[in-house]
Amino acid sequence: MSPREISYTDAAREALAAAMERDPTIFILGEGIGERGGNFNTTVGLYERFGPMRLRDTPICERGFTGICTGAAMTGTRPVIDFMIVDFILDGVGELVNQMARIQYLTQGRLKMPVLIRGCFGIGSGYAAHHSGNYYSLFVNIPGFHVVLPTTPYDAKGLMATALRSDNPVIYLENKSLLNCRGPVPEEDYTIPFGEAVIRRLGSGLTVVAVGAMVPLTLSVCDDLASEGIEVELIDPRTLAPLDLSTILESLAKTGRLLVVDESFGPCGIGAEISARVMELAFNDLDAPVRRLNGEHTPTPYSPTLEAAVIPSAARIADAIRNLAAD
Amino acid sequence: MSPREISYTDAAREALAAAMERDPTIFILGEGIGERGGNFNTTVGLYERFGPMRLRDTPICERGFTGICTGAAMTGTRPVIDFMIVDFILDGVGELVNQMARIQYLTQGRLKMPVLIRGCFGIGSGYAAHHSGNYYSLFVNIPGFHVVLPTTPYDAKGLMATALRSDNPVIYLENKSLLNCRGPVPEEDYTIPFGEAVIRRLGSGLTVVAVGAMVPLTLSVCDDLASEGIEVELIDPRTLAPLDLSTILESLAKTGRLLVVDESFGPCGIGAEISARVMELAFNDLDAPVRRLNGEHTPTPYSPTLEAAVIPSAARIADAIRNLAAD
Amino acid sequence: MTNFAPDTILSLYRTMVRIRLCEEKLARAYQAGKIVGACHTYVGQEAIAAGVCQSLRDDDAVFSTHRGHGHALAKGVTPRQLIAELFGRASGCSGGRGGSMHLFAPEVGLMGTSGIVGSSILQATGAGYSFQLLNTDRISVAFFGDGAVSNGAFHEGLNLAAIWDLPVLFVCEDNLYATEVPFDYATRNTNVAARAQGYGLTATSLDGNDAVEVCAVAGEMVKLCREGKGPALMVCHTYRTRPHAEGMRDGGYRTQEEIDAWKQRDPISRLRQTAVEAGTVTDNQFAAIDEEIAAEITDAEEFAESSPWPDPATATEHVYGSTT
Amino acid sequence: MTNFAPDTILSLYRTMVRIRLCEEKLARAYQAGKIVGACHTYVGQEAIAAGVCQSLRDDDAVFSTHRGHGHALAKGVTPRQLIAELFGRASGCSGGRGGSMHLFAPEVGLMGTSGIVGSSILQATGAGYSFQLLNTDRISVAFFGDGAVSNGAFHEGLNLAAIWDLPVLFVCEDNLYATEVPFDYATRNTNVAARAQGYGLTATSLDGNDAVEVCAVAGEMVKLCREGKGPALMVCHTYRTRPHAEGMRDGGYRTQEEIDAWKQRDPISRLRQTAVEAGTVTDNQFAAIDEEIAAEITDAEEFAESSPWPDPATATEHVYGSTT
Ligand SMILES: Cc1ncc(C[n+]2csc(CCOP(=O)(O)OP(=O)(O)O)c2C)c(N)n1
Ligand SMILES: Cc1ncc(C[n+]2csc(CCOP(=O)(O)OP(=O)(O)O)c2C)c(N)n1
Ligand SMILES: [Mg+2]
Ligand SMILES: [Mg+2]
């Protein structure tokens, strides 16, 4: 029997529903996450199962409900904040950084901060300047957060399950372009540990670490490149904080070359961190400098011709790989 | 005649006053920046000179006045936001990132965004978790901002003068430990271009790029190190966006070794960016991997014993330099 | 009604029809895949943009929302510029960079629509600050929905405008819902005018589907602000008759009866009928406008469709202005 | 007054004296350089923390501000734990990690003081959400100053508490100034109780320097919240008689006459005098408390001073809890 295939969104929701069944202290706040089931179907069917106290529609007050979830997590419940589009998180950054991320530390661990923060991100489909944000590097920079970017339905479920057992605030980010992708997902509950990368493709020519939607996009060019004689080893870190450097370093020890592909901004981005860490830890393994391929350092334009110009495309990824192979 | 020596804060204020004299569209918003002259004396005497319309005390509503200054800059004035302690900026991040940083782009330059955003930052003196923040990496990551960190009275004045002539939002950050430092400052108006680093000490052994208060701290150990035979070339980038890479690369070409010292968080910080860029551009000049010395990745604790443990000290800087020299 | 010259009536009507026909064109274009991203239409609320902007000058500043096509057109953006923008063309008012939620035409005082709820309130307040500091009699206008009322920006913006006596007109378009969340769920106090008075603003509520009333009240409030007696707020009760955004389902949260009842209060036919009945304007005059605008919109769509795409090489321009 | 048993009067008095003597000790320690960073004292406002916390249980949650020593002591943090914390010692209530603006003692329901204005309002609202979801009769309390009223957190927090009927008591301590900015500059409407009613809360204003009144009103409001009839807000009119923070000058923004007038309304001597005059409690009983607390504070300072510093090796612990 071939395994069941479901969508990314359904997989994440399955883990959420199972956790809510098990843990009555979980509740969800967000705009349209109640009866409506979420703008991106993140909570479809849950209102009917768990009722209005556990799926609570909010007015448009992102700072407010971020602060509220902080206080709730300090007093015995496990809040889920569904930001819908992750750009809206920016109005809550004060509550996230000054409060949520610091209270475990300030109480020496006497209080826990089990909050799941989720939102859809990424450039594409003309979402334009205010709905295309990628803010994971910011949350990697700040101590106290886990940052999770599932790229398959299987991972969406398993990482969600882990997030909903963590003591820590978890930023769980769903790339808009992946929401409808389908893949095999076991029916039973399972967890995927944070900080364990997965190798999406084995290869000995060079190593690519791709982030979010760049994982399947990079994968899509690997066969062509193989026919040119370039064997890519593709690593999906799955969580950026914690970051599984060992898997990257092991691959690099084999290939000697590393490219980081990330649609987000380059400066002080996750690619910079990976690059710097790899140099610090494995300078002698490097046959060429670590390279980064990022989106352009601009706000996201609307027009399809402009939008396409600011993100890594399959062609640009392939070129970057070719250049590194030849470096 | 030896040149006049004044304090860092006085130097910055001198440039601000001169600009206000010249440009009647400049006004300042903040808490206690009117008659009181600013918690850190940033505006002492200006209220008397320029009156209540141009120095306007605000209620405690950081998001509000950040948004207001965005709208003001779009309509012909040049606002200055004085955040006092820069941690308070976090409540305004939505307005800064989603709006202020993007409107020049979205209008194809038909609107300008001349806003000066200033605040005091840095770990020290028991300011603790909510008053010790360093958020420059965040603003380097986001396109649209200039990020300026003067470390001497001379630079404080010249960079302030440049900021107040720029079309762009400028994040002007003053390290609390430098506010009272004194140094030679010409009386006349002058500007310092953004993106021009300065070499604080010449040396051929290795290169250190230090950020903010780490510049004088690093300088303080250089002579001792010289007596051990380690000649440090110390670079103060002065602005992190734009970043003067040429000066760093030229120095590296000579020394072959680079250390970045930054009291702020390592992951996705400015040190990671410098490290990654340097590797990309000058891999073959590197005799050893670029090293970073950062503050610990934790909230800032209060107690002097803990606080001292989370920031680079003179001793730790010296050790890091010795290790790199021996690498 | 009697207060208004036929020219004003015709002008209000023209603006409303322009908005309506543009929106209908855009809705069809969205279905045809010519528009991507978000597209929130203004159908049913046209009287508000038309009535408010009637009293504004080009150098007054309007700050708008995600539902901003109507505000843009009423402030003077042309249908060509609007449609071309949503089609992602270089000839759009933002050069194709913005799309529906980022319309900018500072030349005519359209200082931006916004994909973030609440910001218009703050930016308009800031423009008021500029105008006061520059000692002009320009004013600024913030449009926002009922959904913004429970946001901190409302609180902070209104308060700052009030304590500094800024020349800002706040226009709350209460269409009963924020996406699908009813206003009376989002707050225990839906009386936005009373709340604004609580901050010290001059404020009033009115029928937002009555262009004449909107225009009359806005005229007074604009005058107040221009004379330095601002800020002021007007709450316009209204309804959007299309889904929250194009491509979204519209069920579950409201009834067909409610939609139908509001369609009966359509601002365009109401203005026309009242004016014809009062004998102020003839039906022929209205019909002529219908024809004129229909042609204008057809032309605008053709213009948009034949306009060039933006050059990808320009995608990274204008992130920064100059720093001398 | 007549409503309260002598025990309650003595308890209020004891708490207030404990706060006062602690604060005076801390102020001197600050001058002596034993305390670094920010240190905002509560002198003059003691009746509020004492009166409100009198009706709270250990498992009720208090969220406090930058001026939070009084709230901490009234909620059950001991002077030893408080002074040791400000001295940066491992025996402090936050293990020396927090200092004045980050006091935490969840064991007794002190859920944190905060260096950021406004957050206490939101976090208390969230605790109310927990208590409602968990179906307990616990309540939460947000203390905040007049300065927070013009912040978006006030607007968003009160609104959410109101629409969800959360068991939260909001306590606004209106001491006329936010640092040096007068409340009547920061807003055109200083009637915070009326404003809270505008959001749908039960709300009232009272004399915050009268411990008996604070205690009586708080008792009622706590009961209301515990019975699920919250949220509620009380505005306590009061005054801080020391500078905004230790080490700051105190001139320019207020007059010596104003300070002196408020010193006449000192909550501690008022309670004592009234109770003695009413014959409820004898002056000797009060004097005994003075002595008891003086000894307690002396002991606390000695304890703090002889406590070990935190081990630098622990500085990076507890950034994360576990993730299984
Ligand atoms: C800060 C923020 N949060 C959430 C959204 C998503 N969103 C877009 S429109 C909307 C509803 C707005 O309602 P309202 O203000 O009443 O305007 P209307 O759509 O009814 O015209 C929401 C929640 C947003 N754009 N900005
Ligand atoms: C968000 C934020 N902005 C600014 C400050 C700086 N600050 C500390 S206390 C204070 C005044 C607070 O006034 P109020 O709330 O009335 O409390 P009070 O000091 O009078 O007790 C300010 C502005 C802060 N702590 N947090
Ligand atoms: Mg609405
Ligand atoms: Mg106060």
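Sequence lines set the chain letters: A, B, ... in the order given, protein chains first and strands last, and positions in each chain run from 1.
Side chains of D:L160 and A:C61 form a contact here, defined as non-hydrogen atoms less than 4.5 Å apart. Using a 4.5 Å cut-off on side-chain heavy atoms (C-beta onward), A:T75 and D:S140 make no contact. In this structure, D:W164 and A:M53 have side chains that are not in contact, with every pair of non-hydrogen atoms separated by 4.5 Å or more. Residues D:T323 and A:D167 are not in side-chain contact: their nearest non-hydrogen atoms beyond the backbone lie 4.5 Å or more apart. Within the 4.5 Å cutoff, side-chain heavy atoms of A:R54 are placed close to those of D:L133.
Contact annotation for residues 99-117 of chain D against chain A (heavy-atom separation below 4.5 Å, listed by residue number): D:H102, D:F104, D:A105, D:P106, D:E107, D:M111, D:S114, D:I116, D:V117. Contacts of residues 85-101 of chain A with chain D at a heavy-atom distance below 4.5 Å involve A:E95, A:N98, A:Q99, listed in sequence order. Interface with chain A: from residues 72-88 of chain D, no residue qualifies, criterion being any non-hydrogen pair under 4.5 Å.
The contact between A:T58 and chain D is made by backbone and side chain atoms together, counting heavy-atom distances below 4.5 Å. With a 4.5 angstrom heavy-atom cutoff, D:D59 does not touch chain A via any of its atoms. Heavy atoms closer than 4.5 Å to chain D are found nowhere in A:P79, neither backbone nor side chain. Looking at A:P193, there are no atoms closer than 4.5 Å to chain D (heavy atoms on both sides), in backbone or side chain. Using a 4.5 Å cut-off between heavy atoms, D:A153 touches chain A through backbone and side chain atoms alike.
Contact tally against chain A (heavy-atom pairs below 4.5 Å) for D:V319, D:I121, D:L166, D:T125: the top residue is D:V319. Annotation: maximal heavy-atom pairing with chain D below 4.5 Å, among A:G109, A:A163, A:G144, A:P59, occurs at A:G144. For the options A:L106, A:T66, A:T70, heavy-atom pairs under 4.5 Å to chain D are most numerous at A:L106.
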Carefully, step by step, assess A:Y105 and D:E317 under the rule side chain to side chain contact (heavy atoms under 4.5 Å, CB included).
CA-CA 7 Å; A:Y105 183 81; D:E317 290 174 2; over 6 Å; no
Before you tell me yes or no, could you show the steps for A:Q108 and D:R97 under side chain to side chain contact (heavy atoms under 4.5 Å, CB included), namely the whole-Å CA-CA distance, both residues' side-chain angles and the distance that decides it to 0.1 Å?
CA-CA 8 Å; A:Q108 302 168 289; D:R97 299 182 153 211; 3.7 Å; yes
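Remark: the backbone N or O of A:T77 is not paired with any side-chain donor or acceptor of D:Y129 at under 3.5 angstrom. Of the possible donor and acceptor atoms, none in the side chain of D:Q123 sits under 3.5 Å from a partner among the backbone N and O of A:G71.
D:R138 meets the salt bridge (Lys or Arg N to Asp or Glu O under 4.0 Å) test with no other residue; sequence neighbours excluded.
Rounding to the nearest 0.5 Å places CZ of A:R63 at 5.5 Å from OG of D:S119.
The two residues A:F145 and D:Y320 make their nearest non-hydrogen contact at O-OH, 2.7 Å. Minimum heavy-atom separation, D:S130 to A:G76: OG-N, 4.4 Å.
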